[in-house]
Structure formats: C-alpha cells, structure tokens
Amino acid sequence: METIKTRFAPSPTGSLHVGGARTALFNWALARKLGGQFLLRIEDTDQARHQEQAVEAIVRDLEWLGIHWDEGIDIGGDHGPYRQSQRLAIYQQHIQQLLDTGKAYYAFETPEELDTLRKDAESRGESFHYQRPADLPTAADAEKARIEGRSVVVRFAVPGHDVTIHDEIFSDVTVPADQQDDFIIAKADGWPTYHLANVVDDHLMGVTLVCRGQEFLHQTWRHILLRKAFEYPEPAYAHLPLIMDMQGRKLSKRDGDVEVDSFRRAGYLPEALVNFLALLGWTPADGREKFTLAEFVALFDIGRVNKSNARFDRDKLLAFNTDYLAAADDGRLLVGFKDYLACNDQPIPVDSDTLLRKVLAACSGLRTYADVVAKAGVLFAADDSYDFDAKAVQKVLEKNDGAGYDVLVDLQDKLAAHEDWTAESLEAFIKDYGETRELGMGKVAQPLRVATTGSTISPGIGDTLEMLGQAKTLARIDRCLAHRDA
Ligand code: GLU
C-alpha cells in the first residue's frame, strides 16, 4: 500500500486562521496515524495579497499548537523549495508544456473588456463563460500583444466533459461541462495562478491526499482536469466542512478572535485550542470530547468527518480552556503563563519563576491567563497607574461616615511596623485586628484592597499585600487617603 502524504498549503495573506489550523491539524494527524508524511508549503503566488510576516507567523502558530511537519519551509526536504515564489521556473516549464500540446492558449483581453463581456452575459441572464477563439493565438500573436501593452494571460482549454470529484467526505460531486470555462493558469505578470501551482506542486511533492476546506471544493474540477492534462495520477480528496459562528454565519472577526495568535495572546493553552479545533466537524467513535494530541492521532478517522457545517462555539472553547488550566500541573501552568506574558504588554515581571508561581497560586479558577493579569497585574504596575473605582470607593471607603478610610488611617502605623511581611502573617494580623475592633474580616480587607488596587477584585488580601511588598502597600494607602482629601 502507498504511504500517505498530506500537506498544508496556506497562502500567507494574514495570520493563521482557526480554519487553516484545523486543516493543518487534520492533515498532520492523518499522516501521523497512518505512518505517512506531512508537508508545509507556502502558496505565495498572489503578490498583491502577500504578507511576508505572515509566513513567519504561520510557522510560529503551527509550532505553538504542536503541529510539526516532515518537510517544508524552514526545514527543507527532497522536494523543495517549499515556497511557490521560488518555483517560478518549474511552473513556467509546465505552462509551456500545455501551450506546446494545445491544451492551453494565450488570451489578451483587458480586465475592462472581460468586465463588459461579463455584464453582457448577466444582462441576458446568463453566467459568463470565456469563449475560446476558433483560431488559437500563436506565440507570435502573444508577443505582438505584449508589445502593444496588452496583458497576456494563458488559459487552460477545458476538454468539455463533466468532471466528477470523488470526495472522501462529500462523496461524488459532478461539475457539468457547461459550468466549466477556460480558466487562467498564467497571469499577465507571468506568475502561475493558484490552480496551476497547486496542482503541479502536489504532484511533484508526492501528495497523495488533498485535504482542505470545503471552500475549495468548487475549484477541484479544475485541478482534476489539469492533472489529466499532465497525465498525473489522481490523489484522494477530502474537503472539510465550513466553520460557522453560532448564528450560522461564516465565522468572522466581527464576533471575536479568529486567529490562532489572538487566542494565544488572549491566554488560551494550545492543548485546549487544538482539542476544540479537532471537534470542528469530527467526533470520535466513542463520543469523547477531551483528548491530548497523541490521543487525537490515535482516534482520528477521516471517515468520521461530517459534511454539515461545524459551529465555532466560543463558550465551549472557554470552558475547555478553564478545564485545561484547572487540570494543568504547576510546571505546565507556569510555562503557559510565561508564554502568555511574553506575548503581551503587561506589568508582571517575567524573570522570577518563584514570583510567577506565587502569582498563579494566588489566582485560582482561571478561564484564561488574562484573568491573572486582570486580577493581579495592578500589583506590579506603577503605584499611580490605577484609578479608584467609584462604586468600590463609595461602598467600601465612604459609607458610614468614611469608616473604611478610618480603618486605613488606623492601619498605617501598624502595617509600617509589621515585620513578617508574608501572606500568612498579614492575614493573621488583619484577622486579629478585625476581631479586636469587632469588625468582620471584610471590613478590614476590602478597604485595604481598594486602597492598594483600586477595586475589590484581587487575590486574597494576604497574597495581595505580600506580592505588593511593604513599601508599596504603604505608598498606595497614602495615595488613597490623598485621593479622599483631593
Ligand atoms: N493556498 C490555499 C489557501 O488559500 C490552499 C489551497 C489548498 O489547500 O489546496 O489556503
């Protein structure tokens, strides 16, 4: 039996989208499961939409997710180069081959002329199909047209028969001959179109399964015809169902993050995100929902991918992340946290693991790492960087003739004299103080919290004051009292 070879072939027009990440994940898992190979090819023939930094970002995001390739950009391999912009001579030779055998021909219409033809067809209620001229232009005609400043493209001459795509997920899909037209394979700048480069590369790189998003299914007839023209063997095809939002619309930025990198920066763990992505259009036979990447590889079966649209349920993803964070051991939690801190502009210092462990331990019940910064970030920011939340000030400090402020004034000297600046000792001190004054713990802790963080949300009061340190605690109490007097 032939060994499977799959690929992920993104166009670097932006950051890696979750849909692309799912495609990469499924391709990778199949290759791993079946002992095959997985390659990463960059399809950068669309110079107008090309973004160089997107290439780096795709590599980085795939690695973060734990998806590694056997050949492709960055690591090379036997079928390189793996960037289409470095393979132009190969495509030109293939385009020439089709021209030489009469399977492709030159065309010179300007975009404006094509537009007029398109509009004419539409006004007749027909869809536009390029009409192949009875006498195909020669190379000399093309040269003359070029000299005259016309744009010269190369079109593929479709043979005029129905094409059936045998898809592993969508079964047989037939595109009738009258819905096909002579599509462009070489653009006016000489660069190949996506169709040509994609087909040539899949063949030359030995890809045996083309697995990609459903949005490419209606293009596949072109690829099948090109393959026939080159006398290439057919690969298997598998098109993955579309990913929609909860309202059944195409997933878009409008309702939240859609890029892998955005989830990384928002404080998600990669294992939670890949687990969630794996369930977009696929469920394991045993109906299980939580699995590691290694378990996914063992469980995955392309036959269980369904064709109905998948739904991107953000609440479910957040619940997954909450569970993964709760289940992570200290080491994993710390590594993930450091990654989160490194890719965000935030005040928590990253150089002491002991401190970071302490911060994490003080913030339980995390949904994302962003919760840590929301809760404890202020402890590491400049003393004058936060505002006092008006509602908290009213409720905790001003109420009852400024009882909260009185507690702060009273505590100033005592805290200045407190020697053992640890969470336990501070906690015990606050408890004692409250008991002596016949005040509940909250009546002491909350004023301190509002004074030192601006709000009522922070880790436990002992942890808060310990992490802040004595000097900053006192400075912040001073600032809060000055705020009252202002
Ligand atoms: N380069 C295509 C893209 O935009 C992918 C094509 C394919 O997978 O065949 O993602």
Side-chain angles (χ1 to χ4, degrees), residues 4-31 37-52 54-55 57-59 61-62 65 67 69 71-73 79 81-88 91 163 165-170 173 175 183-185 187 191-227 230 232 234-243 250-252 258-260 277 280-281 302 305:
I4 187 171
K5 191 166 195 181
T6 60
R7 74 342 181 237
F8 179 48
S11 301
T13 53
S15 218
L16 181 65
H17 188 278
V18 285
R22 182 200 52 179
T23 300
L25 176 66
F26 284 17
N27 275 286
W28 170 84
L30 273 176
Q37 303 272 302
F38 168 63
L39 71 88
L40 176 62
R41 176 176 75 230
I42 296 294
E43 300 208 323
D44 56 349
T45 57
D46 187 345
Q47 290 297 290
R49 296 176 59 220
H50 179 74
Q51 282 183 29
E52 188 51 34
V55 179
I58 289 167
V59 166
D61 294 345
L62 288 174
L65 289 172
I67 299 172
W69 44 103
E71 57 181 283
I73 62 152
H79 306 88
Y82 293 93
R83 279 178 81 127
Q84 290 189 328
S85 56
Q86 294 167 356
R87 301 172 62 81
L88 298 180
Y91 309 129
V163 175
I165 304 149
H166 303 292
D167 191 84
E168 310 250 337
I169 295 159
F170 286 84
V173 179
V175 180
F183 56 92
I184 297 176
I185 56 171
K187 296 180 265 188
W191 285 54
T193 56
Y194 150 67
H195 306 298
L196 189 283
N198 184 273
V199 162
V200 168
D201 284 349
D202 276 347
H203 174 68
L204 294 181
M205 295 178 182
V207 169
T208 63
L209 170 69
V210 170
C211 170
R212 58 188 168 200
Q214 191 190 334
E215 59 276 23
F216 295 99
L217 182 58
H218 69 284
Q219 310 277 12
T220 304
W221 64 270
R222 296 187 165 99
H223 305 172
I224 290 175
L225 289 178
L226 278 171
R227 280 188 170 263
F230 286 123
Y232 293 162
E234 278 279 296
Y237 289 102
H239 289 86
L240 304 172
L242 297 175
I243 304 175
K250 193 168 170 264
L251 185 65
S252 91
V258 289
E259 284 155 356
V260 169
L277 294 178
L280 294 175
I302 197 88
V305 175

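Whatever order the structure lists them in is the order used to number ligands and atoms, beginning at 1. Predicted, not measured: the structure shown is a model, and the values here were computed from it.
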Inset, instruction - Could you check whether the rings of His223 and Tyr194 sit parallel, tilted or perpendicular, using 30° and 60° as the cut-offs? - result: perpendicular
Inset, instruction - With heavy atoms under 4.0 Å as the rule, classify the contact between Phe216 and ligand 1 as side chain, backbone, both or neither. - result: side chain
Inset, instruction - Using a strict cut-off of 4.0 Å, indicate which atoms of ligand 1 neighbour a heavy atom of Asn198. - result: 6 (C), 7 (C), 9 (O)
Inset, instruction - Run the numbers for me: atoms of ligand 1, each under 4.0 Å from some heavy atom of Ala9, listed by number. - result: 1 (N), 2 (C), 3 (C), 5 (C), 10 (O)
Inset, instruction - Starting from atom 4 (O) of ligand 1, find the nearest protein heavy-atom neighbour and note its residue, name and distance. - result: Ser11 OG, 3.1 Å
Legend entry - Heavy-atom donor-acceptor pair, Arg87 side chain to Pro81 backbone, under 3.5 Å: yes
Inset, instruction - May I ask you to check whether Asp167 and His239 show a side-chain donor-acceptor distance below 3.5 Å? - result: yes
Legend entry - CH2-CG distance between Trp28 and Leu62, expressed to the nearest 0.5 angstrom: 11.5 Å
Inset, instruction - May I ask you to list the atoms of ligand 1 that are less than 4.0 angstrom from any heavy atom of Glu43? - result: 1 (N), 2 (C), 5 (C), 6 (C)
Inset, instruction - Run the ring-centre check on Phe183 versus His195 and record whether the distance is less than 6.0 Å. - result: yes
Inset, instruction - Indicate yes or no: does Glu71 engage Lys5 in a salt bridge with an N to O separation below 4.0 Å. - result: yes
Inset, instruction - Under 4.0 Å from a heavy atom of Tyr194: give me the atoms of ligand 1 that qualify, with their elements. - result: 6 (C), 7 (C), 9 (O)
Legend entry - Numbering as shown, the atoms of ligand 1 that approach Arg212 to under 4.0 Å (heavy-atom distance): 7 (C), 8 (O), 9 (O)
Inset, instruction - Please identify which atoms of ligand 1 are closer than 4.0 Å to at least one heavy atom of Arg7. - result: 7 (C), 8 (O), 9 (O)
